[in-house]
Structures are given as structure tokens and as C-alpha cells.
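The structure under discussion appears below in the form of C-alpha cells.
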Amino acid sequence: MPEAATAVVERVTALIARLHPNMSDDLDTAARPSEHADAQVNVALGLAKRIGKNPREVAQQIADQLDLTGICSKVEVAGPGFLNLTYDDVYLARLLKEVAADSRLGVHRAETVETVVIDYSAPNVAKEMHVGHLRSTVIGDALVRMCEAVGHTVIRENHIGDWGTPFGMLIEHLVDLGEVGAARELSVGDLDGFYKQARAKFDALPEFQERARARVVALQGGDTDTLRLWQLLVAESARYFATVYEKLAVRLTDADLRGESAYNELLVKVVERLGAAKLLTTSDGAEVVFPAGFTNRENEPLPLIIRKQDGGYNYATSDLACVIDRVERLRATLMLYVVGSPQAQHLAMIEAVATDAGWLPSPARMVHVAFGSVLGNDRKMLKSRTGESVKLVELLDEAVQRAAASVAEKNPELPEAQRNIVARMIGIGAVKYSDLSSDRVKDYVFEWERMLSFDGNTAPYLQYAHARICSIFRRADLARESARAAAISLDHPSERALALWLLQYDSAVWDALERYSPHRLCTYLYELSTRYTSFYEQCPVLKAESDAVRASRLALCDLSARILADGLALLGIQTPEQM
RNA sequence: GCGUUCGUAGCUCAAUGGAUAGAGCAUCUGACUUCGGAUCAGAGGGUUGGGGGUUCGAGUCCCUCCGAGCGCGCCA
């Protein structure tokens, strides 16, 4: 309820400033959603404490003097000193009409536009994508869409692992297979096999090991032929990643790929600049930084290793280079790292060092958008039957397959071609939604039955609610736009409950975005669906008692469908019109 | 050992420091000549891991204990 709440808060704040001129600072004047009223204001409780008076009396005084004409039809004091507000129906109807006429559905733009770099997905070249990449990719994609929706400038960065010692053995394996054979091997999508074969040879054959090591040196030395072979691996992998992203329907493209190798030239500069800032020390032959506040097992200062004993660099160095690149070249003001929580300490150290080195001048900042693991039925990290990590493609294919079976069973009239399209929206949507709908910092249990169920907080349930609305307009042979100018009346309780919720879309989107918590938007959309279906059960739309009521209800339907579709789109989930 | 995240109904999950901790699944009871029953209405089910503290008010903040996951020097 952005506008209504804002209007209320403005008047409350003004009144308190008048009544208690020196008390108005940092008082909680917010108008919150409430179970007992349309909204509640709790300011009297804090104020009473501060001025040493009875909270109910303070609340009553505010209620008596607060002028909410045209906004609220009722203000009452309840409990220990809550102000319960009932909005004026005419006012609500007017707000709804404004939202219905708004292509943004009431979602306001960011006041200050940020340049947001979002670092997510991050698969490794020549390695299969597995469930471990699911959460980063899906959460990152949702954040991209939400940031863009409020007008931020978003730069997607898929920080792929395309460099390091494993590439010696991978390139040698490629040479062994022959370029044509290797390309064939890689293009069938069996990257796991390729990697494992290389690994097996590396472990078993000293001769191969020698070649691999020499190849790493050649790669780092910039040997032309080696670089060409390396690029072949990268290109084949990129093609594979693109197919996965297409299946997943996320925004990532080849243009967003940014391998670690991209920072190679910057690594020397990182060392130079850390040296110039006098942060660098030598420890056991390695060049390291000791950021304050980090300790190891023995309670000794924990170093961030910048240059190894052997002179090589590692991930900490390239992560620091990355910070410099994002702040100084891309002008990032906000950097989101959609990375699993196990890396919390590493990222905290990167941030500490970058801050100490002066590479994060305000307003530039890093945020670790951490997330937990995907668990199987046994409550342990999800694994395949053979104990290996589950291939992402296989998981996605199974989701679509299961959805297709479900649609075939429940709606056999749907033509097969359409069924396949819909099955993809449902299956992929279900996987994404089950990932997004619980608090990201916690682990979650991956269960096919639950995520594909049409009951409960699932994508199919939301999609179904949307499809039913589309069905109403189809049956009535009405264009959706035609519903938007209607005068809205809110006589039935379920109409009113729905209307109140529709008006809170703006705050739901912002709430989810500000916490980088897509699940808050999921919860909102789920509640919207339940309120809608409840309305749908109780209020006939096409057979409404009058044309005016029918038009009003059609407007509520249209707005509900648009917010459902828009909200799901912000989560990267599609909404079929039939299913 | 140190650090960190988590612990809420039988299960899976919600809950800006605000009222009687909410949903879904499962269980039980109802509702289809009606816009998609792929649904809806209702019931039972809780010492929010234990114990202290701060606060007018704590699932939420602080301390402590218990339990689980993860991390902790040259992999990324």
C-alpha cells in the first residue's frame, strides 16, 4: 500500500512534530500491514515511553487529532496502544484505478540509480554444470531482473573459471584426442567425461603429468598454439553454457562471460598497488596481506595470499583485480556476489583488503548475497544415485518431463505443441520457484513432488491462478485492456482483501530487492494468489449481478493477472495463458 | 580449537522488535446444474533447541549451553 501508507505516515509525522516538537526524531511512524486492520501504526508506544505517559492515552490523543479525511474511514486505538486504520473504500478504489492505468503496476523507480554489477552463475570451463550452479544462476537472474525493473543500471558478470593449473591437463587431453575428436566429445555436452578422462590420465601417467605441467607454463607464457587450444576449450564450453542458460531461461549470454583470465594483466598491478599501500608482507616465501580480524586455527593472523611461493597468482589476487576493474572501469556502485555461504570468509577478506587499499571509495560497496545448499531427501547435499553431483541439464530435463506428464494428464485437450511449451514454463518455473521461495541463506530440500504440486507455495499454483484469469477473458471474448478503465467497487470482503493486497505490490518488490531476498516476493505472490482464488470462489465475475460489478471484478482480475505475471517475470518465471 | 550460518506444527517452509507465531503437505469434516474442483471453506496440531539478559513489547537483539552444516596458508 505505498501511496496510502505514505499519505498516512506523512500526516502522523506532521502531527507528532506539532504535539511533541522535540520528540519526533527517529520515532517509528511506519504504517504496517496488520491482521487486525488494513494497517497499523505503532508510534504511540515508543512516544509514550519517551514522554513518560500512558501509551493508550497517547494513542487516543493521536487518534483524536489525526486528520485522515479521504484516506481512512476509521482510526481506533487497540491493544497496548496500536492505532488500527481502516482505509476509505473510495480512496482504495481510486488508488487501484491508478495502478491499473500504470504499466509499472505501481512499482516506483529507484531514487538514486546505481550501477550494479551482479556476479553469478560462474561455471568452470570444461566442466559440467551441476546443481551447485543452480542457486547462484537462479537467484542472480532474479536480482538482475528486479534491479533493472526499478531502473538501476545492471551489468551481468558470469565469472567463469577459465584459467589455472587444470588447463595444462585439459589441453593435453585435447591434443591426445585430436582437435576434431575433442570438439565432438565436448559438443555432445559430456564435459564431465572429458574432465574425468584428463584427470585420470594425470593421476596415472607421469609422462602425461610432465606434459600437463609444461603446458601450463606455455599457457601462462602466452604460447600462441597453446592459447589457440585453450580458446577452443573455452569456446566449446561457452556453447554448452549457452544451451543450459537457454533451457533455464535466464538472461545470461556470451556477452556476459568474463573469465578469470580477463584479469591476468591486472594481477601485477594488484601486487604493485598493495605494495605501494604498504599492505604487503612476505610470509613463508609468499606475498600476503594480513587483514585485521582474521585468524587461523592457531589463532594467528590469517593471510590472504596474493602471490604464491612459486610466483604464481591465485584466486584472491584475481578477485581483487576484479574489484578494481568493476569499480574503476565499470564504475560500479554496488557489487553483488551471488556466491554460496561457504565463501563468506574469503569474500570478507577480499572486501577487507580492498577497503584497506582504498579500492572501495563510497558509494562503492560489495555485498555477499550468500545462499545455502540444495539438499536431497536424506537432508544431505543433493547427489545422484551414483554419489556424484547431479548434472544441471539432467535435472532441468526431468523437470520439464514431469511437468509435461502432469499437463497431459490434467489437460488432455491441450494440443501437443502447446503442451511442450507450457511444460517447459511449468517445469523450469517449478525448479526456479522452489529455489527462490525459501530464505536463501538456509539450505533447502529438493523434492519433485512438492515443487510441481498445484497446491501450496509453488510456481504451478501461481501459474494456475494466472491461467484461470486468462480463461475468464477468453471465455468472455474480452480484451484485457478493456477492463482497466472501469470504476472499482469493493463491497464484498474478498474483493476488499484482494484490493488491499494488490496495492502492496510496490512495497513487496522493494522489500525483496532491498534484502536481496526474492523469497519475500514469492511470499507476496503466493498470498496474492490465495486472495485471488478466494475472491474467485466467492464472487462471480462474468455472471455478476450487474454490469458495473462485472466491470469492477474484471478490473480486479486483470490487475491480479498482471501483477502475478509481472512478479513471476521478476523472478525469471514465465506464465502460460493456458495450462 | 577459532570463526560463521542455521535450529519454528509429524514433514516442508513463512513471520520490519509489535496484538492470539502463520501457510502448504499429511490427517479429519464439509462444498461441484455455477467463470478451469489443477479449487475452495473449516478443524485439530506449537514451551519457536535449553537457560539467562535488554525492552513497554523478543521467534527476531545480546550472553551462555546443546545440536547440525560450512570455513579456517599457497585449490577456486
(message) Return the pairing partner of B/A23 with a 3.5 Å limit on both distances, Watson-Crick or G-U wobble; otherwise return none.
(response) B/U12
(request) Tell which nucleotide pairs with B/G7, taking only Watson-Crick or G-U wobble pairs whose two distances are both under 3.5 angstrom. (result) B/C66
Counting only side-chain heavy atoms from C-beta out, which of [options] sits nearest to [X]?
X	options	value
A/Tyr315	B/A76, B/G1, B/A19	B/A76
A/Arg515	B/G36, B/C40, B/U16	B/U16
A/Thr295	B/U39, B/C2, B/C72	B/C2
A/Tyr464	B/G73, B/A76, B/U39	B/U39
A/Asn296	B/U39, B/C72, B/G36	B/C72
A/Gln309	B/C35, B/U12, B/C74	B/C74
A/Ser534	B/A38, B/A41, B/A23	B/A41
A/Ala30	B/G71, B/U16, B/C6	B/U16
A/Ser471	B/G36, B/G73, B/G71	B/G36
A/Ser34	B/C13, B/G36, B/A19	B/A19

(message) In the structure I gave you, are the side-chain heavy atoms of A/Asp28 and A/Val43 within less than 4.5 Å of one another anywhere?
(response)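 No, too far: nothing below the 4.5 Å cut-off.
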Pick the [atom1] atom in [N] and in [M], then give their distance to the nearest Å.
N	M	atom1	result
B/C28	B/G45	C1'	11 Å
B/A58	B/G51	C1'	15 Å
B/G22	B/A15	P	14 Å
B/G53	B/C11	P	31 Å
B/U60	B/U55	P	16 Å
B/G59	B/G49	C1'	12 Å
B/G1	B/G46	C1'	37 Å
B/G7	B/A43	P	28 Å

What does [X] touch in the nucleic acid at a heavy-atom separation under 4.0 angstrom: a base, only the sugar-phosphate, or nothing?
X	answer
A/Leu45	base
A/Gln578	base
A/Met381	nothing
A/Tyr526	sugar-phosphate
A/Arg297	base
A/Arg520	sugar-phosphate
A/Val541	base
A/Asp511	nothing
A/Pro540	base
A/Ala286	base
A/Cys522	nothing
A/Asn411	base
A/Ser341	nothing
A/Glu298	nothing

(request) Report yes if at least one side-chain N or O of A/His519 is closer than 4.0 Å to OP1 or OP2 of B/A15; otherwise report no. (result) yes
(request) Find the distance between OG (A/Ser482) and CG (A/Leu554) and round it off to the nearest 0.5 Å. (result) 7.0 Å
Atom [atom1] of [X] to atom [atom2] of [N]: distance rounded to whole Å?
X	N	atom1	atom2	answer
A/Tyr444	B/C70	OH	C1'	18 Å
A/Met451	B/G24	CE	P	20 Å
A/Arg199	B/C75	CZ	P	12 Å
A/Phe371	B/G69	CZ	P	20 Å
A/Asp443	B/U12	CG	C1'	13 Å
A/Ile305	B/C75	CD1	C1'	11 Å
A/Lys442	B/U48	NZ	C1'	11 Å
A/Tyr532	B/G36	OH	P	10 Å

Pair of N/O donor and acceptor under 3.5 Å linking [N] base with [X] side chain:
X	N	result
A/Ser283	B/G73	yes
A/Asp455	B/A23	no
A/Arg32	B/U16	yes
A/Glu35	B/A19	no

Return yes if a side-chain donor-acceptor contact under 3.5 Å exists between [X] and [Y], otherwise no.
X	Y	value
A/Tyr313	A/Asn264	no
A/Tyr524	A/Ser507	no
A/His492	A/Ser494	yes

(request) Classify the ring geometry between A/Trp230 and A/Trp163 as parallel (under 30°), tilted (30 to 60°) or perpendicular (over 60°). (result) perpendicular
(request) Test the A/Arg213-A/Phe202 pair against the cation-pi criterion, namely NZ or CZ under 6.0 angstrom from the six-membered ring centroid and within 45° of the ring axis. (result)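 Because its charged atom misses either the 6.0 Å distance or the 45° angle limit, A/Arg213 does not stack over A/Phe202.
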(message) Here's a test of your reading of the structure: between A/Ala31 and A/Pro301, which maps to the more 5' nucleotide of RNA chain B?
(response) A/Ala31
(request) Would you kindly compare A/Glu577 and A/Phe290 by the position of their nearest RNA chain B nucleotide and give the one closer to the 5′ end? (result) A/Glu577
(request) Compute the ring centroids of A/Tyr461 and A/Tyr464, then answer whether they are less than 6.0 Å apart. (result) no
(message) Between A/His159 and A/Tyr263 (judged by ring centroids, cut-off 6.0 Å), do the two rings come close enough to count as a pair?
(response)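 Yes: the rings meet the under 6.0 Å criterion.
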(request) Could you give me the CA-CA distance, side-chain angles and deciding distance for A/His36 and A/Asn84, then say whether side chain to side chain donor-acceptor pair (under 3.5 Å) is met? (result) CA-CA 7 Å; A/His36 308 278; A/Asn84 281 355; 5.8 Å; no
